[in-house]
Amino acid sequence: MTPTAARLDSFHRRLLDWFDDHERDLPWRHDGTTAWGVFVSEVMSQQTPVARVAPIWAEWMTRWPRPADLASVPEAEAVRAWGRLGYPRRARRLHAAAVAMVEDHAGEVPDTEEELLTLPGVGQYTAAAVAAFTFGRQAVVVDTNIRRVHARWETGHALPEPSLTRREMALAAELLPSEESGLSPRYNAAVMELGALVCTARSPRCGDCPLLDDCAWIAAGRPEPHYTPKGQPWAGTKRQIRGAIVGHLREREDGDARTTTIQAVVGSVQPSPEPSRVEECLEDLIREGMVTQDGDRVTL
DNA sequence: AACTCGTGGCA
DNA sequence: TTGCCAAGAGT
């Protein structure tokens, strides 16, 4: 299960050579991007395609170039500026993280995984990614792309298990180039990039893969993933209704704020569920702080 | 450990 | 057309 030193060396060399020729020109990879810029890009990219993140990230960097700039505006400003990236609670956590940086870290992005992990919205992946990509640290970065590359190249499975296991983290740590080599940050980016561009979940481009002749999944005959039936109807779920509520509010421009009546919110959700169900979701959003209430009016 | 939390593009 | 999937985190 532990690859031989020779196979591991080949793995590193092929990935890094491939990355030299295929690295995407993402805006946060440009020279001069600050640690704050990398931090924001990582949070925005959680569960969200990077192509959709790029324009919003650019707006945020112009508007709030330092943590203190975001921390100085109301949290609702961040939620409004989030646009349609999805999971808008991430905007609130990003704002809270900026406040924490100002209050506890001299207005800077902390430069260790341990400190990064204390920030709202920062979990195992984001802490490792920021530590590696902006501070050049030795960190075990494991995202969905890296998990899939590892599953195929080493384990021979089409896709990783639904939830991240300790075994996977241990494997990722074993596959990391040594600290002395100084290659691990760029290697981490390279594996992620391969997963995003070549070793994709659907229709992988194995013909373009630098690891083709050394891949356990290929050697096993590219077995299919085991099908897991979890298909549930989307319409009527809390997530759908919450999305419709916040989406409706987002479009209700009224000066700086985005506000309307509870009644208008209830009438805006399509297909229309029971009004009580919409009200329940609205109450959740108010309780969580995503939406504020003033009498019969609600504001994003 | 299993669930919840948005949104849009694409095969 | 519709289900799958995308740089996960929090509980």
Side-chain angles (χ1 to χ4, degrees), chain A residues 23-24 26-29 37-57 79 82-94 96-97 116-134 139-149 158-166 168-169 172 185 188-197 199-205 224-225 227-235 237-251 269 280-281 284-285 287-291 300:
Chain A
E23 178 178 6
R24 285 173 294 179
L26 301 176
W28 45 87
R29 286 177 174 169
V38 172
F39 184 89
V40 172
S41 80
E42 290 300 342
V43 174
M44 286 184 169
S45 298
Q46 291 166 0
Q47 296 287 284
T48 305
V50 297
R52 203 179 307 168
V53 167
I56 305 293
W57 178 85
V79 176
W82 193 249
R84 308 180 66 80
L85 286 182
Y87 294 142
R89 56 178 53 179
R90 289 182 294 159
R92 302 185 61 235
R93 292 178 181 151
L94 206 33
L116 285 161
L117 275 172
T118 68
L119 298 172
V122 176
Q124 187 173 225
Y125 162 75
T126 302
V130 172
F133 299 149
T134 195
V140 182
V141 179
V142 178
D143 79 321
T144 186
N145 291 305
I146 291 179
R147 295 185 64 209
R148 190 171 52 250
V149 172
L159 295 173
E161 297 301 311
S163 57
L164 178 60
T165 63
R166 285 187 186 81
E168 282 182 83
M169 287 303 294
N188 279 321
V191 186
M192 285 180 66
E193 199 81 335
L194 188 76
L197 300 181
C199 196
T200 53
R202 288 173 295 185
S203 309
R205 300 167 173 79
E224 296 290 321
Y227 177 61
T228 57
K230 58 169 182 176
Q232 287 203 351
W234 168 251
T237 61
K238 285 186 112 180
R239 207 184 306 193
Q240 184 261 329
I241 295 170
R242 290 165 59 104
I245 292 170
V246 175
H248 181 251
L249 242 28
R250 194 182 290 128
E251 302 307 315
V269 179
E280 177 194 0
C281 289
D284 288 346
L285 289 165
R287 181 170 354 97
E288 295 164 15
M290 189 74 64
V291 172
L300 179 64

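Order of the sequence lines fixes the chain letters, A, B, ..., with proteins taken first and strands second; residue numbering starts at 1 for each chain.
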Positions of residues 120-130 of chain A (non-hydrogen atom under 4.0 Å from DNA chain B), listed by number: none

Take atom CZ of A/R239 and atom C1' of C/dA9, then tell me their distance rounded to the nearest Å. 13 Å

Is there a donor and acceptor pair closer than 3.5 Å between the side chain of A/R202 and the base of C/dC5? no

Any side-chain heavy-atom pair of A/E42 and A/W28 under 4.5 Å: no

Given C/dA9, is OP1 or OP2 found less than 4.0 Å from the side-chain N or O atoms of A/R92? no

If you measure from CZ on A/R147 to CG on A/L159, what distance do you get to the nearest 0.5 Å? 10.0 Å

How far, in whole Å, is B/dC5 from C/dA6 if one measures between their C1' atoms? 14 Å

Does C/dA6 have its OP1 or OP2 closer than 4.0 Å to a side-chain nitrogen or oxygen of A/T144? yes

Which comes earlier along DNA chain B counting from the 5' end, the contact point of A/R89 or that of A/S203, where each point is its nearest nucleotide? A/R89

Would you classify A/R147 as touching base, sugar-phosphate or nothing, given that sugar-phosphate means primed atoms plus P, OP1 and OP2, and contacts are heavy atoms under 4.0 Å? nothing

Sequence neighbours excluded, the answer for salt bridge (charged side-chain N to carboxylate O under 4.0 Å, His left out) partners of A/E288 is A/R89, A/R242

Can you list the residues that meet the salt bridge (charged side-chain N to carboxylate O under 4.0 Å, His left out) rule with A/R29, with sequence neighbours excluded? A/E23, A/E193

Can you check the A/Q46 CD to B/dG6 P distance for me, whole Å? 14 Å

Test applied, side chain to side chain contact (heavy atoms under 4.5 Å, CB included); reference residue, A/N188; option that passes from A/V142, A/V141, A/D143: A/V141

Assign each of A/G247 and A/S163 to its nearest nucleotide of DNA chain B by heavy atoms, then name whichever residue's nucleotide is nearer the 5' end. A/S163

Heavy atoms only, 4.0 Å cut-off, all strands: where does A/P49 land among base, sugar-phosphate and nothing? base

Tell me the interatomic distance from A/I146, atom CD1, to C/dG8, atom C1', rounded to whole angstroms. 13 Å

Output for pair (A/L300 CG, A/R250 CZ), nearest 0.5 Å, gives 7.0 Å

Whether A/R90 contacts C/dG8 is assessed here as follows: a side-chain N or O lying under 4.0 Å from the phosphate OP1 or OP2. Is that the case? no

Between the base of C/dG8 and the side chain of A/S45, is there a donor-acceptor distance below 3.5 Å? no

By nearest-nucleotide position on DNA chain C, the 5'-leaning member of A/R148 and A/R93 is A/R148

Can you check the A/L159 CG to C/dG3 P distance for me, whole Å? 19 Å

May I have the distance from A/E161 (atom CD) to B/dA2 (atom C1'), rounded to whole angstrom? 14 Å

Rounded interatomic separation in angstrom, taking CD from A/Q240 and P from B/dG6: 12 Å

Is the closest side-chain heavy-atom distance between A/I241 and A/E280 below 4.5 Å? no

A/F39 vs A/V122 side-chain heavy atoms within contact, under 4.5 Å: yes

Any side-chain heavy-atom pair from A/Q46 and A/Y87 closer than 4.5 angstrom? no

Remember a base hit wins even if backbone is also touched, and classify A/W28 as base, sugar-phosphate or nothing at under 4.0 Å, heavy atoms. base

Can you tell me how far P of C/dG10 sits from CZ of A/R287, to the nearest Å? 19 Å

Nearest to side-chain heavy atoms of A/R52, which nucleotide of B/dT7, C/dA7, C/dA6: B/dT7

Check every strand shown and say whether A/T48 touches a base, only sugar-phosphate, or nothing at a heavy-atom separation below 4.0 Å. base

Looking only at atom P, what distance separates B/dT4 and C/dA7, rounded to whole Å? 23 Å

Report which part of the nucleic acid A/L26 touches: base, sugar-phosphate, or nothing (heavy-atom distance under 4.0 Å, all strands). base

Whole-Å distance between C/dG10 P and A/Y87 OH? 14 Å

